[in-house]
Protein chains: 2
Amino acid sequence: MEGPNEKDFIGVLRDHGLQVTYQRLAIYQALYNTQQHPSAETIYQQVRKRFPMISLGTVYKTLERFHNVGLIQKVSPMTDVSRYDAVVEPHHHAVCVKCQMIQDVMDPSLGDGIALPEGESFHVLRKQVLFQGYCPECYAKEKSGTP
Amino acid sequence: MEGPNEKDFIGVLRDHGLQVTYQRLAIYQALYNTQQHPSAETIYQQVRKRFPMISLGTVYKTLERFHNVGLIQKVSPMTDVSRYDAVVEPHHHAVCVKCQMIQDVMDPSLGDGIALPEGESFHVLRKQVLFQGYCPECYAKEKSGTP
DNA sequence: TTAATTGCAAAGGTTTTGCCGCCGC
DNA sequence: GCGGCGGCAAAACCTTTGCAATTAA
């Protein structure tokens, strides 16, 4: 278990301005060592094997903290609550990371020619391009320093 | 309010095998007449102006029903609960619509050259290509008829 | 020492479920 | 008339929050 596996987890946390605790180390390592994109609950179950006293609330707080400092990313969901669209034809979306406004991007040729790399056995039903960023209103506020 | 606005909502519902009720008409029209990608709560508030007796539960049930028969799409979230990733470098994902497995698609050139159409004022921080479909396991089950 | 972090439990918010009366077909 | 649907309320979740005790720096 030594050698190349011995990533400097402590250093990584410190580099992101985070205090180092056993809980944080365990949570980050659990996420780092899987490619499963786990949920908070899954990480909690994993970490609990080594630290049975950890609480689910701490896992949530910690993941949120990690995400805020850019140590990890939240893959899904893009919005807090479910959002619906009467347009069923495949098209693309731009989502504001701040106000969660969703804007259609109707250019149908966008994404043409994009396909999974050879060898992937995933059966694709549809693909869409997702833009994340600031809507015009939130971008203006951001630039002017308004929170 | 007559004329081109007079889309045959009743026919659309029937074509999808749905019974026609005033609630369903109101919900579908509310969604059809906006580009805001509203939440269930937002639709509820909208429909309530005309049908104050409608319940939020009905809105949820109805939207779920609409989605199941392909009348509308659920834009977000892709997964029921939040999912995290230790990989922060921008990359792409394939999400299984059935078991919600998330698979990385690391091809970094994928999506190169994709940009918002001219004239969009959205400030893009990142873009990702999202593949939705069946993972190998669920695809095998689907083909063999196992539910 | 001091501010941040943890665990616990309660609260908050979203979505689902159960049940019964009602309505579309 | 029958099966599906709507309203209501409770329940089930997921996630956040408040607080006292503990810990990192």
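Remember, it's a predicted structure, so these values are computed and weren't measured experimentally. Chain A is the first sequence line, chain B the second, and so forth, proteins listed ahead of strands; every chain is numbered from 1. Keep in mind that the numbers below use all heavy atoms, side chains included, and drop hydrogens, waters and symmetry copies.
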> B:R24 side chain N/O closer than 4.0 Å to the phosphate oxygens (OP1, OP2) of C:dG24?
Replying inline: no
> C:dC23 P sits how many Å from B:Q23 CD, rounded?
Replying inline: 10 Å
>> Among D:dG6, C:dT5, D:dA24, which nucleotide has an atom closest to any side-chain atom of A:R65?
In response: C:dT5
> Of the candidate nucleotides D:dG6, C:dT16, D:dA25, which contains the atom at the shortest distance from the side chain of B:T62?
Replying inline: D:dG6
> Between atom CG in B:L25 and atom C1' in C:dC23, what is the gap in whole Å?
Replying inline: 14 Å
> Should the ring pair B:Y139 and A:H123 be called parallel, tilted or perpendicular, given that the plane angle runs from 0 to 90° and is split at 30 and 60?
Replying inline: parallel
> Taking atom C1' of D:dC5 as reference, at what distance in whole Å does atom OH of B:Y28 sit?
Replying inline: 20 Å
>> From the set D:dT15, C:dC25, D:dA25, return the single nucleotide nearest to any side-chain atom of B:V20.
In response: C:dC25
> C:dC25, C:dT14, D:dT16: which one has an atom nearest the side-chain heavy atoms of A:V81?
Replying inline: C:dT14
>> Considering every strand and a 4.0 Å limit on heavy-atom distances, what is the contact class for B:S39: base, sugar-phosphate, or nothing?
In response: nothing
> Are any of the side-chain nitrogens in B:K98 or B:E137 under 4.0 Å away from the carboxylate oxygens of its partner?
Replying inline: no
>> So A:T58, base contact, sugar-phosphate only, or nothing? Heavy-atom distance under 4.0 Å.
In response: base
> Given atom CZ of A:R83 and atom C1' of C:dT15, what is their separation to the nearest angstrom?
Replying inline: 16 Å
> Taking the side chain of A:Y22 as its heavy atoms from C-beta onward, which of D:dG6, D:dA24, C:dG7 lies nearest to it?
Replying inline: D:dA24
> Which whole-number value in Å describes the distance from A:L56 CG to C:dA11 C1'?
Replying inline: 15 Å
> A:F122 and B:V95: which non-hydrogen atoms are nearest, and at how many Å?
Replying inline: CZ-O, 3.3 Å
> Nearest to the side chain of A:S82 - D:dT15, D:dC5, C:dT15?
Replying inline: C:dT15
> Choosing from D:dG6, D:dG4, C:dT6, which nucleotide comes nearest the side chain of B:T21?
Replying inline: D:dG6
>> Between A:V59 and A:D80, which residue's closest nucleotide on DNA chain C lies nearer the 5′ terminus?
In response: A:V59
> When the distance from CD1 of B:I10 to C1' of C:dG24 is rounded to whole Å, what number comes out?
Replying inline: 12 Å
> Could you state the CG-P distance from B:L63 to C:dT17, rounded to the nearest angstrom?
Replying inline: 15 Å
> Between C:dT16 and B:Y60, is there an OP1 or OP2 to side-chain N/O distance shorter than 4.0 Å?
Replying inline: no
> Which residue lies toward the 5' end of DNA chain C, A:M53 or B:Q19, if each is placed at its nearest nucleotide?
Replying inline: A:M53
>> Can you give me the closest heavy-atom contact between A:H37 and A:Q35, atom names plus distance?
In response: ND1-O, 2.9 Å
>> I'd like to know if B:K61 reaches the base of D:dG7 with its side chain, counting only an N/O donor and acceptor under 3.5 Å.
In response: yes
> Want to settle it: does A:L18 or A:P77 sit nearer the 5' end of DNA chain D, counting the closest nucleotide to each?
Replying inline: A:P77
> Does any N or O in the side chain of A:Q100 come within less than 3.5 Å of the main-chain N or O of A:D80, such that one atom is a donor and the other an acceptor?
Replying inline: yes
>> Is there a side-chain contact between B:L130 and A:V129 in this structure, where contact means two heavy atoms from C-beta onward sitting under 4.5 Å apart?
In response: no
>> If I take atom CG in residue A:L13 and atom P in nucleotide C:dA4, what distance separates them, rounded to the nearest angstrom?
In response: 17 Å
